[in-house]
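A short worksheet on the structure shown next.
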Protein chains: 2
Amino acid sequence: MLIKKSKKERQQLLLETIEENPFVTDEQLATKFGVSVQTIRLDRMELSIPELRERIKDVAERNLENEVKSLPINEVIGEIIDIELDKRAISIFDVKEEHVFQRNGIARGHHLFAQANSLCVAVINDELALTVRSNVVFIKPVRAGDRVVTKAIVRETNTEKNRTYIDVISTVNNETVFKGEFEMYRTKGEGEQK
Amino acid sequence: MLIKKSKKERQQLLLETIEENPFVTDEQLATKFGVSVQTIRLDRMELSIPELRERIKDVAERNLENEVKSLPINEVIGEIIDIELDKRAISIFDVKEEHVFQRNGIARGHHLFAQANSLCVAVINDELALTVRSNVVFIKPVRAGDRVVTKAIVRETNTEKNRTYIDVISTVNNETVFKGEFEMYRTKGEGEQK
DNA sequence: ACTGGTATTAGTACCAAGTGCTAAAACAGA
DNA sequence: TCTGTTTTAGCACTTGGTACTAATACCAGT
């Protein structure tokens, strides 16, 4: 196992080792590569790899940020840019890296659904609006960088049944990428508020 | 600001301070509370709070785990607890405050949709799985604190059309809260991988 | 074989942020 | 005043380093 590698090989391996396990000390690395601790330190210097404690701190800090970041599936998904209560509404949603499958770069369906669903809730002029049922179609893949424009149009409100029916169409560059029908529950009929 | 607190008060505050910012040194704490470093150390001992480096390491370790998990599982809303590829899968999702409308405490529909949609993607044993269409029904409101158990059952796979049809049922305490049918696109038929 | 340059090792002093231990003060209540 | 708790001080030691100097070792070219 302890066949002496060249400096370059060792440094490459060093990078990989630390990448994989940032918690390893110089001492352990020295033993692993069969060189002195000083050599490891020279290597780290050349590769500008920080010392153990700094590495650990970086990991800790980086992930403390992530915790804050992982909450954004929160209020309204997308930004509402136009709304006429109980009639129609438009929102835009900029697709970012975190919304797509890293494997193929295509947006996860539930983000498009979330934008449409949020918009339906928003367009209803009522204290309580809940989604009862929906039929949706994902027509064309959406990718990071795309700006999704979603329009919700109220088709019908049935006051006896406390229901509102909404049609939703999402487009990217004027091409339809998503369509849906939403049946929403509401406590009061339109215009009956307050 | 430097009104001397009682030992108990100080220790309570110490706990909160460190909880909120694990990166604080004994020195800084001593200054903050207007006591000596030794006092802080006694306090930490009594409260069995580990030293700075250990705390940082804990954060780093905890989050490194999360990171590893968040590659496969960040892709999924909810935690998959059982899966038989191309057949069935079960995930659980604990509804928290951030998932509900603050107005009425009811979970936003798109979170339930996201859990179901994620599960459908996961159950498909294929490199590429995309949602094409779905019909969903929100049967009963879900609230913060509820644990949603979602089962996805593959109904049919049509290899010529590259489609898989999946039925999803979500329950809270054995009561159905959500139902859905998902039509998924896949590149290959089941069992054709590699 | 001699010289030079790179690579490696050794050794020292120093640092941060501690632990562990002992001992002296300070304070508080009966 | 005595007693017990709380706080402070001081010192030796630990880890995992940095910064720096100096000595070797190795390898190639002439």
Side-chain angles (χ1 to χ4, degrees), chain A residues 1-69, chain B residues 1-71:
Chain A
M1 285 299 95
L2 274 176
I3 309 128
K4 276 277 165 81
K5 316 264 181 186
S6 79
K7 189 179 174 180
K8 248 194 159 173
E9 282 179 295
R10 189 188 57 231
Q11 293 194 343
Q12 184 51 41
L13 225 73
L14 192 77
L15 270 171
E16 289 165 18
T17 307
I18 291 179
E19 172 68 27
E20 174 195 321
N21 173 23
F23 298 88
V24 67
T25 65
D26 288 358
E27 185 96 34
Q28 295 172 321
L29 290 163
T31 312
K32 172 161 183 170
F33 296 124
V35 295
S36 71
V37 173
Q38 281 78 357
T39 301
I40 297 295
R41 296 196 171 148
L42 281 175
D43 285 348
R44 275 202 298 105
M45 233 167 270
E46 284 178 31
L47 302 168
S48 36
I49 298 171
E51 63 165 293
L52 172 66
R53 290 154 185 146
E54 290 305 315
R55 295 196 303 263
I56 292 180
K57 210 174 165 187
D58 289 346
V59 174
E61 272 167 352
R62 172 158 46 84
N63 294 322
L64 219 61
E65 276 170 35
N66 282 1
E67 257 164 54
V68 178
K69 224 182 167 183
Chain B
M1 284 301 94
L2 274 177
I3 308 130
K4 276 276 164 80
K5 315 264 179 187
S6 79
K7 190 179 174 180
K8 246 193 159 177
E9 282 178 296
R10 189 188 56 232
Q11 293 195 343
Q12 183 52 41
L13 226 72
L14 191 76
L15 269 171
E16 288 166 18
T17 308
I18 291 179
E19 172 68 26
E20 174 194 319
N21 172 25
F23 298 86
V24 67
T25 65
D26 287 359
E27 185 97 32
Q28 295 171 320
L29 291 164
T31 313
K32 172 161 184 172
F33 296 124
V35 295
S36 72
V37 174
Q38 282 78 357
T39 303
I40 297 294
R41 296 195 171 148
L42 280 175
D43 285 348
R44 275 202 299 105
M45 231 168 272
E46 284 178 31
L47 302 168
S48 37
I49 298 171
E51 63 165 295
L52 172 66
R53 289 150 182 152
E54 290 304 315
R55 295 195 304 264
I56 292 181
K57 209 174 165 187
D58 289 346
V59 175
E61 270 167 352
R62 174 159 46 84
N63 293 326
L64 210 64
E65 267 174 45
N66 285 356
E67 223 173 82
V68 175
K69 272 188 194 155
S70 74
L71 295 178

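- Put simply, the side chain of B:F33 reaches to within 4.5 Å of the side chain of B:T17, judged on heavy atoms.
- Scored by the side chain to side chain contact (heavy atoms under 4.5 Å, CB included) test, A:L15 finds A:Q12, A:L47, A:I49 as partners (sequence neighbours excluded).
- One N or O donor and one acceptor, one from the side chain of A:R53 and one from the base of D:dG16, sit under 3.5 Å apart.
- Within the nucleic acid shown, B:R55 has no heavy atom closer than 4.0 Å to any nucleic acid atom.
- Here the closest heavy-atom approach between residue B:E27 and residue B:V37 is recorded as CA-CG2, 4.2 Å.
- Atom CD of A:E51 and atom P of C:dA16 are 12 Å apart (whole Å).
- With C:dT9, C:dT8, D:dT8 as the choices, the nucleotide that has an atom nearest any side-chain atom of B:S36 turns out to be D:dT8.
- In this structure, A:I40 atom CD1 and D:dG17 atom P are separated by 11 Å, rounded to whole Å.
- For B:E19, the CD atom sits in a loose shell: 12 or fewer heavy atoms of surrounding residues, nucleotides or ligands are nearer than 6.0 Å.
- For the pair A:D43 CG and C:dA7 C1', the computed distance is 10 Å after rounding to whole Å.
- One interatomic measurement links the two molecules: CD1 of A:I56 to C1' of C:dG18, which rounds to 15 Å at whole-angstrom precision.
- Residues A:D26 and A:Q38 each lie close to DNA chain D; by heavy-atom proximity, the contact nearer the 5' end of the strand is made by A:D26.
- The nearest whole Å value for the distance from the CE atom in A:M45 to the P atom in C:dA7 is 15 Å.
- For B:T39, the listed nucleotide lying nearest its side chain is D:dT8; candidates were C:dA10, D:dG17, D:dT8.
- Side-chain proximity of B:L42 to C:dA17, D:dG17, D:dT8: nearest is D:dT8.
- We find that CZ of B:R41 is positioned 6 Å from C1' of C:dG18, with the value rounded to whole Å.
- Atom-to-atom, CD of B:Q11 to P of D:dT5 comes out at 15 Å; the value is rounded to the nearest Å.
- In this structure, the side chain to side chain contact (heavy atoms under 4.5 Å, CB included) partners of A:L52, at least two apart in sequence or on a different chain, are A:T25, A:R55, A:I56.
- Protein atom NZ of B:K7 is 19 Å distant from nucleotide atom P of C:dA26, rounded to whole Å.
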